[in-house]
Amino acid sequence: MSKKPLDIDSVFGRDNLAKYIAHTWFRYNSQRQAKIELWKEVRNYVFATDTTTTTNKSLPWKNSTTLPKLCQIRDNLHSNYISALFPNDDWLRWEAYSQKDATKTKSTAIEAYMSNKTRESHFRTEISKLVYDYIDYGNSFATVDYENNYITNTANERVPDYIGPVVKRISPLDIVFNPLASTFKDSFKIVRSLKNKGELYRMAEEQPDNAWLQKALLQRDKFCKHAAAYGIEDTDKAEGFQVDGFGNYSEYLQSDYVEFLEFYGDIFNTETNTLEKGQKVVIVDRMWMVHKEGFKSWLGHAPIYHVGWRTRPDNLWAMGPLENLVGMQYRIDHLENLKADAMDLAVLPPLVIKGEVEEFVYAPNAEIHIDENGEVTELARNVQWVIQADNAIQMLEQRMEQYAGAPREAMGIRTPGEKTMYEVQRLENAAGRIFQEKINTFEIELLERVLNAMLEVAKRNLDQTDIVRVIDDDLGVTEFIQITRDDITASGKLRPIGARHFGAQAQLVQNLTTLSNTPIWQQIGVHISSKKLAELVEDVMGLGKYTLFSPNVAVFEQQETARLSNQATEDLAAEQAVPPQ
C-alpha cells in the first residue's frame with residue numbers, strides 16, 4: 001500500500017472542499033465507534049471506585065467492590081516508562097551528518113538550546129500525557145508548534161515569557177486518518193479541536209499575522225446572525241449530521257464554542273485529475289474553509305507524529321496493553337464480590353422459620369420465642385471454596401502483570417529461590433524485554449521525531465538571540481551563551497538516549513563486574529585505561545554533575561593532605577620547644 005491522498009468526489013466539487021473534509025471526518029469517526037467504546041470501557045475500569053460504573057454492574061451481587069488492578073498496572077507502566085525515558089538530565093545527544101557540524105561548539109549549542117527549551121516548555125509533562133495515551137489507548141499523537149508568549153509587567157512593558165518550540169498532545173479521540181496507508185506519514189490526517197470565542201479573540205490579537213483567525217470569527221458571527229432566521233429542522237436538514245458533543249447543529253451555533261477541523265495531506269480531485277501535495281486546510285463549523293496553504297515544515301510532511309503499542313497487520317490503529325486485560329479485570333471483580341457475598345451469607349445466613357415464631361432481632365444473646373411446633377434454623381453454607389477464590393484472584397493478577405509487560409522486578413517483586421547477583425540481573429533483563437522493547441519503540445518512533453521537529457521549527461522561526469545556560473565539561477563551571485539561528489542550523493539528528501541507556505547500563509555494569517573477577521581481567525589489565533574506565537563509570541552512574549572524577553585528582557589531594565599533615569607536625573614541634581612561661 002502506498003500514500004493515501006484524499007480523493008475529492010465530483011459530487012461535492014472543488015468549491016465544497018470544506019464539506020467533503022467534514023464528511024470524511026464524520027465517516028472515519030463513525031467507523032471506529034466500536035473501538036471508542038472499548039477505550040471507554042478501559043477508562044471506566046481504570047478510574048472506577050466501585051463496580052457500578054463498569055460492566056460488572058449487571059451482576060446481581062450485593063457487594064460492589066472493585067480491585068483496581070488495571071489502574072495499578074497503568075501506574076506501574078507509566079512510572080517505569082518515564083523513569084526509563086528521563087533517567088537523568090543528560091538524556092539528549094546530537095549526532096552530526098558532516099564533519100563541520102560535528103564540532104564541539106556546534107554540538108554544545110544545539111544540545112544546550114534544546115535542553116533549555118525542553119525544560120522551559122514543560123516538555124516532560126507533555127510527554128507524560130503521551131505516555132498515558134500510549135498505555136490507555138495504545139496510540140499516541142503529538143504535534144509541534146512555535147510560541148511567542150509575552151507578559152506585561154507592572155511598568156506596562158511586554159516581557160518575553162517563553163519563546164521557542166513546544167510539543168502538543170493530540171487526543172486519539174480528536175484525530176482520524178486512513179488506517180490502510182503503508183505508514184502514518186503517508187496518510188492524510190484530520191484533527192478536530194474546540195475553542196470558545198473568547199479564546200479565538202485572544203489568539204487573533206496575539207497572532208495578527210494569522211488572518212484566518214479573524215476570518216473564522218467573522219464567518220462565525222455572520223452565520224450565527226443568518227442562522228437565527230432558520231428553524232431547527234431547516235438547520236438540521238441543511239447540515240445532515242450531528243456535531244460531536246453539542247446535540248443538533250442549531251444548539252451548537254447557540255453555544256460559545258467553535259469547532260475547527262484541520263486537514264493535513266495530499267488532495268486529489270477526481271473530476272479534474274489534479275493533485276495538490278502537502279496541503280493544510282482549516283474548516284470552521286464543518287462548512288467554511290477559512291485557511292489553505294502548503295506545509296511550512298522543511299521536513300516535507302505534516303508535523304504530526306504517531307506511535308502504537310501493539311501494532312496490527314494492515315492497520316495503523318494499534319492496540320493498547322490494557323485492552324485485552326479488561327476481561328480478566330471483570331473476572332477479578334466477579335470473584336471478589338462473589339466471595340464477599342458468600343462471606344456475608346456465612347456470617348449472616350438466611351433463616352428458615354417454621355410454625356409460629358414471635359418477631360425477634362437476629363443478634364448475639366437474642367431471645368426467640370416460639371410455639372410448640374415452631375422452629376428457627378440457619379441455612380449453613382460451605383465457605384471453604386472462598387480460599388480457592390483468593391488464590392484464583394492472585395493468579396489472575398500475576399498473569400495480568402505478565403501480559404502487560406510490566407517490569408515486576410522493578411516493583412521489588414522477586415521470584416522465589418536463592419540467587420547470585422549475576423543470576424538476579426540476568427533474570428531482570430530477561431523479564432523486562434517486553435518493557436524495554438515497548439519503551440524503545442516510543443522513544444524512537446515518537447520522542448526522537450518530535451525533538452527533531454522542534455529543532456526544525458526553531459530554525460525557521462528563531463529571528464533573535466537567545467541566551468541559554470550550559471556547564472563546561474572540563475572545568476565544571478556554569479556559562480551563559482548566546483544562541484542564534486546559525487548556531488542551531490546543522491545537518492544531523494537529535495537522539496534521546498534515556499531508554500536505550502537505561503536498558504544497556506545495567507547489563508554493562510554487570511558484565512564489567514563479572515569480568516573483573518576473572519583471570520581474563522588480570523591478563524588485559526595493562527591495556528585498560530583507568531581514566532577511561534572512570535569516565536565510563538561516571539557516565540553509567542549519572543554522576544557527572546557531582547564532578548567526582550578528574551584525572552589523577554586523588555594524587556593531588558593526597559599530596560595536599562600530606563603537606564598539611566607535615567605542616568601541622570612542624571607547628572606542634574615548635575610549640576612544644578617553647579619553654580612554659
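These values consider heavy atoms only, across backbone and side chains, with no hydrogens, waters or symmetry-generated copies. On a predicted model such as this, the values are computed, not experimentally measured, just so you know.
Without hydrogens or angle criteria, E111 side chain to W94 main chain gives a donor-acceptor distance under 3.5 Å. Remark: the backbone N or O of W25 is not paired with any side-chain donor or acceptor of N29 at under 3.5 angstrom.
Ion pairing of R449 with E443 is absent here, as no side-chain N (NZ or NE/NH1/NH2) approaches a carboxylate O to less than 4.0 Å. Of the charged side-chain nitrogens involved, at least one lies within less than 4.0 Å of a carboxylate oxygen, so that K493 and E448 count as a salt-bridged pair. Salt-bridge check for R192 with E262: failed, with every basic side-chain N at 4.0 Å or more from each acidic carboxylate O.
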Give the intermediate values and the outcome of salt bridge (charged side-chain N to carboxylate O under 4.0 Å, His left out) for residues D145 and K168.
CA-CA 8 Å; D145 199 359; K168 296 181 179 180; 3.6 Å; yes
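Within the 6.0 Å centre-distance limit, the rings of F184 and F141 are counted as a close aromatic pair.
For the residue pair Y45 / N56, a side-chain donor-acceptor distance below 3.5 Å is found, with atom types taken as modelled. Judged purely by distance below 3.5 Å, without hydrogens or angles, the side chains of S83 and N80 never pair a donor atom with an acceptor atom. Counting only N and O atoms by type, the side chains of E336 and H334 include no donor and acceptor under 3.5 Å apart. In the model, E456 has no side-chain atom that pairs as donor or acceptor with a side-chain atom of N452 under 3.5 Å. Side-chain contact check for Q394 and D390: no donor-acceptor pair (N or O, by modelled atom type) lies under 3.5 Å.
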